Number of protein chains: 2
Amino acid sequence: MRHPDQPYHHGDLRAALLERAAEQLRTGSPADLSLRRLARDLGVSHAAPSRHFPDRRAFLAALAASGWQRLDAGLAAADPGPDAGLRSRVLALGRAYVRFATSESALLELMSAGKATGEATGGGTGGAPHAADAVSGPARVVLDAQRRGEVVPGDPETLATALWAGLHGVAALSVSGALPGADVDRLLERTVDALLDGLRPR
Amino acid sequence: MRHPDQPYHHGDLRAALLERAAEQLRTGSPADLSLRRLARDLGVSHAAPSRHFPDRRAFLAALAASGWQRLDAGLAAADPGPDAGLRSRVLALGRAYVRFATSESALLELMSAGKATGEATGGGTGGAPHAADAVSGPARVVLDAQRRGEVVPGDPETLATALWAGLHGVAALSVSGALPGADVDRLLERTVDALLDGLRPR
DNA sequence: AGTGAATGTAGTCGCTGCCAACAATGTGTG
DNA sequence: CACACATTGTTGGCAGCGACTACATTCACT
């Protein structure tokens, strides 16, 4: 059943499975992912994936974790740094998040669902990366801005989470497709304006 | 194979399936839902559900639609009306949303995922209820507040969506369980404060 | 009374995730 | 260098699932 010119061991099947799955998520929902199909695509037997992931849930969790890592990296790369204006800095984060959400909507769905449905965090040191890491972007921004007096005092973590909530909401809405495209950026701008300056007149 | 004292026709199998499924979503993820299992639980053959839903996706879509209806109703019921202060009105909406999100997290996951993964909206009149309906809550609030000059002028729909994005973000984060419970309400308050008064000092 | 639409049943197919038994390869120790 | 053992992959089998087909029962309307 095996191709003779293929080495018996794949090399890094675990990474290959995650990569291929992330690829397929760009054209399908998480429910359509099949371990057997992935194994077939990679030229490996249907039971091979079980050597790297105890079950399907664990595989999806690992996939979600890699998604959080990529989102975190994307946000960090988009951050123009403390010298940019507060508004443009927050906007940059928001645009990076929206870009991720629209280009990897199924992956984001998986990442969010993982949190919602339990996903035994299993204690111990060095847990998997998750939402908390992504909030580090807004956290940096809030801390810098508070230091300059550009943001009201108060627990920076809570304020950063509030900021994150706003950006997350825009990203989530942008995925729905209900917004006519170019309006997404307008919505992002208005949301950031509301978060920074408030909906009430000044 | 049939129980003789059971009537051949169920009466309203479609509604029963949706109800039972919503029940099971309170203790499991959407992926765990099985049409065959639901049919078994309702004492009906495994193919009966297909008379009411062409396939599993359609069933989940109907389930999500019923979720949007319930969320919309919950928000409308929680609205204290235009005479309450703006802040307390928005807070009431937010608390209702968070309550729904935490008590029906799997259903909300399904509702959000449905939007993300396409869910052929199939045009035509009177489409299924969805996110747009839920935004009607914030829309009313923004309109009333603008009329009183308590909210800056501007396209009310966009402002309402910005407000909704903030509330949605808090609800999404509250589901993750990363927040220590009582902190959820604190986060909601801070987020509403940010949305209304802004993070910048006044 | 009779006919066709709705609704439910039984059986089958291919696919899936999971499990157990076995095979090939890598690694470290005598 | 040989040999034991952990790691990684293979084959085969099982039960559950969604989808399809053919058939049965009941309902609604004429």
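Keep in mind it's a predicted model, so treat the numbers as computed, not measured. All heavy atoms count here, side chains included; hydrogens, waters and symmetry mates do not.
Looking only at distances, a side-chain donor or acceptor of A:D55 sits under 3.5 Å from a matching main-chain atom of A:A58. Side-chain N or O atoms of A:Q146 include one that pairs as donor or acceptor with a backbone N or O of A:G154 at under 3.5 Å. No donor-acceptor distance shorter than 3.5 angstrom exists from the side chain of B:S88 to the backbone of B:A84, with no hydrogens or angles considered. Between the side chain of B:S50 and the backbone N or O of B:A47 there is at least one donor-acceptor pair closer than 3.5 Å. Checked by atom type and distance alone, the side chain of A:R95 never pairs as donor or acceptor with a backbone atom of A:L188 at under 3.5 Å. Counting only distance, with no hydrogens or angles, the side chain of B:R99 and the backbone of B:G94 share no donor-acceptor pair below 3.5 Å.
B:H52 has a side-chain polar atom (N or O) that falls below the 4.0 Å cut-off from OP1 or OP2 of C:dG8.
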> What string of B, S and - do you get for nucleotides 18-23 of chain D, 5' to 3', when a contact is any protein heavy atom under 4.0 Å?
Replying inline: BB--BB
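Which of C:dT9, D:dT10, C:dT7 sits closest to the side chain of B:A48 comes down to C:dT9. Relative to the side chain of B:V44, the nucleotides D:dG9, C:dT9, C:dT16 differ in distance, and C:dT9 lies closest.
We find that CG of A:L38 is positioned 14 Å from C1' of C:dC15, with the value rounded to whole Å. Atom pair A:F53:CZ and D:dT8:C1' shows a separation of 14 Å (rounding to whole Å applied). Rounding to whole angstrom units, CZ of residue A:R40 and C1' of C:dG17 are separated by 13 Å.
Using a 4.0 Å cut-off on heavy atoms, none of the residues of residues 14-21 of chain B approach DNA chain C.
Nearest heavy atom pair, residue B:A106 against residue B:L25, reads CB-O, 3.1 Å.
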> Is there a salt bridge (charged side-chain N to carboxylate O under 4.0 Å, His left out) between B:R190 and B:D197 once you walk through the steps?
Replying inline: CA-CA 10 Å; B:R190 289 300 157 275; B:D197 294 323; over 6 Å; no
